Amino acid sequence: MSDTTATTVSREVRVGAATGLHARPAALLVKAAGGLPVKVTLARPDGKQVDCRSMLAVLALGVGHGETVVLSAEGEGAAAAVDALAELVARDHDEPTA
Amino acid sequence: MTAPTTLTGVGVCAGVVVGPVRWMPGAVPEPVAGQPLAMDEREPECLRLVAATTAVQTALDARAEAASGTARAVLEATALMAADPSLQDAATGHVRERGLSAERAVWEAAGEVAAMIEALGGYLAERARDVLDVRDRIVAELTGRPAPGVPEPVAGQPFVLLAHDLAPADTATLSPESVLALVTVSGGPTSHTAIIARSLGLPAVVAVADAERLATAGELTDGTLVLVDGAAGTLLLAPDDEAQARARRLASGRRRTLDGPGRTADGLRVSLLANVADGASARAAAAAGAEGIGLFRTELAFLDRTDPPSVEEQAALYADVFAAFAGRRVVVRTLDAGSDKPLPFLDMGEEPNPALGVRGLRTALRAPQVLEDQLAAVARALAGQDAGQEGGPADVWVMAPMVSTADAADGFVARCAAHGITKAGVMVEVPSAALCSAQVLANVTFASIGTNDLTQYALAADRLVGDLATLNDPWQPGLLHLVAATCRGAAGLGPDGAGIPVGVCGEAAADPALACVLVGLGVRSLSMSAPALPDVGAALAGATSDLCREAAAAVLTVRTATEARAAARALLTHLPALGL
């Protein structure tokens, strides 16, 4: 098909959760990633990419509050998938939602 | 007919209940490596492995669905780990390449992941334990063992939970709706079992050494009906109708609430206060009738943080707690980090004896700004209180943990004064502070005895070492003599020489019989988890101050913790009728 399916979509985003990407914020990210049609990876800029669907891999990255991370995906729906997860990563989960 | 069997342990939370027993499943044993599987056996073994992880994930998801709050979050995270692709890939890799059995492969793969996460240090190291929990669940599924952890109720029938011992991870999902009482074979009065029982208001007996022998003999197995008496510390097997009826009578009479401020039968005032950690627990304590807060643990805002919270952030949290106790006492304890509560930004490095290391107020030697900011935040929250709020502003006292010397106490008072905080006190948790209380407390306005740490230091017995549980007993005469010494030294202090107030915050305060003894020794406020307040209030209301002093004098003459309990109970004859 067209070369758009092979294009990698990447987006940089700042981690909003006060606790960083562990515990609940990490669980929310992994859960959301599991429901997406494409594989989205998480990495520090120029760092090793890990699968967002792996709780253990996301935890082991040990990303803290305020750090910048890169979300990437390939193929159909890549942009939408990256956007959806970027919103989750940027969110401050400690803010009261009620 | 033979006489019914009664097992004796140490009662750590009063209450009488009857119910069927459920044993906590034992630890999952490490699967043996064994001979490598033949090539053609490996793919089917991988399928078996994946099926097991899926089954565990489904079971955990179902439990998460039924849970709420923290328990739900913990279960959801554990479910995600169970079916984690990186864990699964590593495990199936071991099956394919090395011919390991599915259970052995999961054991090794999870061990590798846990070690990697642990190596990251800090709060992430905690998650390593979750990985090992997931490992045990998958291996249990593969080997046909019961899933580890608190059993699920069968047909909605609540049960008496029997366990060898209970760790915090075991009790994270423990629900008071399904568990009637806690009974453990090991453990002591300050063990995690005791703490969780008091916070949930569940009757509990620990150190029931004979329970495992009877289990092996088939006399105490899942479904056996037992009567648990958390005050007497007994477990009655197969109680007759009369005993069951008596238990139900006591149980219905025990649903008491705290009515009015604490006082002895002859009217001596004893403040009944609550231990809280944030605004939510403070509001719950206020609803339970607590007269004030005797221990506001401020660590919560600092946990899971790589940098300390700002003054503004802390002030907002403190103001939230103060607002719940308008016009009443709130005792703030400054950060108690170090030892078993490490914080990333207060890294003390590896210490050979963390409990004897740089912890509590001592961390201010290395990181003075953390304490300065905390005191500034308290002062800001104090100043920001709505003067017009109902009941007026909260009466805020501030105290430091782990104070050993008069110089440390005076230094803390000076720091508080610099922030305009006039009610500055210290915790008495170190034997030197108890023995030299007249000197250490000379310039403070109050003292609070932290009996958990004071017991650990008095008996030189690590609180976290299960084998030493019987030494970590607040009825130990050594601890009681130190409480007496603290009160003696404090009695002549204060601007008018009339003494400064001495309270107790620690598990000892939540024991109704010991509460009477502490009051007899001179303690004038007791701070505990809110569910323990009604029983302690009832115990005090039934004893005169003379009787409390008599009980106090009695425990100072005995040889052992067991004798101290017996001596006090022999005098406090009003307790059994209260079900305590």
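Since the model is a prediction, treat every value here as computed from it, not as a measurement. First the proteins, then the strands, lettered A, B, ... as listed; each starts at 1. We use all heavy atoms of the structure for the numbers below, so side chains are in, but hydrogens, waters and symmetry mates are not.
Between Leu59(A) and Met81(B) the shortest heavy-atom distance is CD1-CE, 3.6 Å. Residues Ala27(A) and Leu80(B) share a closest heavy-atom pair of O-CD1, 3.4 Å. Annotation for Arg53(A) and Pro85(B): closest pair O-CD, 3.5 Å, computed over non-hydrogen atoms.
Interatomic distance, CG of Leu56(A) versus CG of Leu87(B), reported as 6.0 Å (0.5 Å rounding).
Partners of Asp307(B) by salt bridge (charged side-chain N to carboxylate O under 4.0 Å, His left out), not counting sequence neighbours: none found. Evaluation of the ring pair (Phe, Tyr, Trp, His ring centres under 6.0 Å) rule for Tyr318(B) yields Phe296(B) as partners, not counting sequence neighbours.
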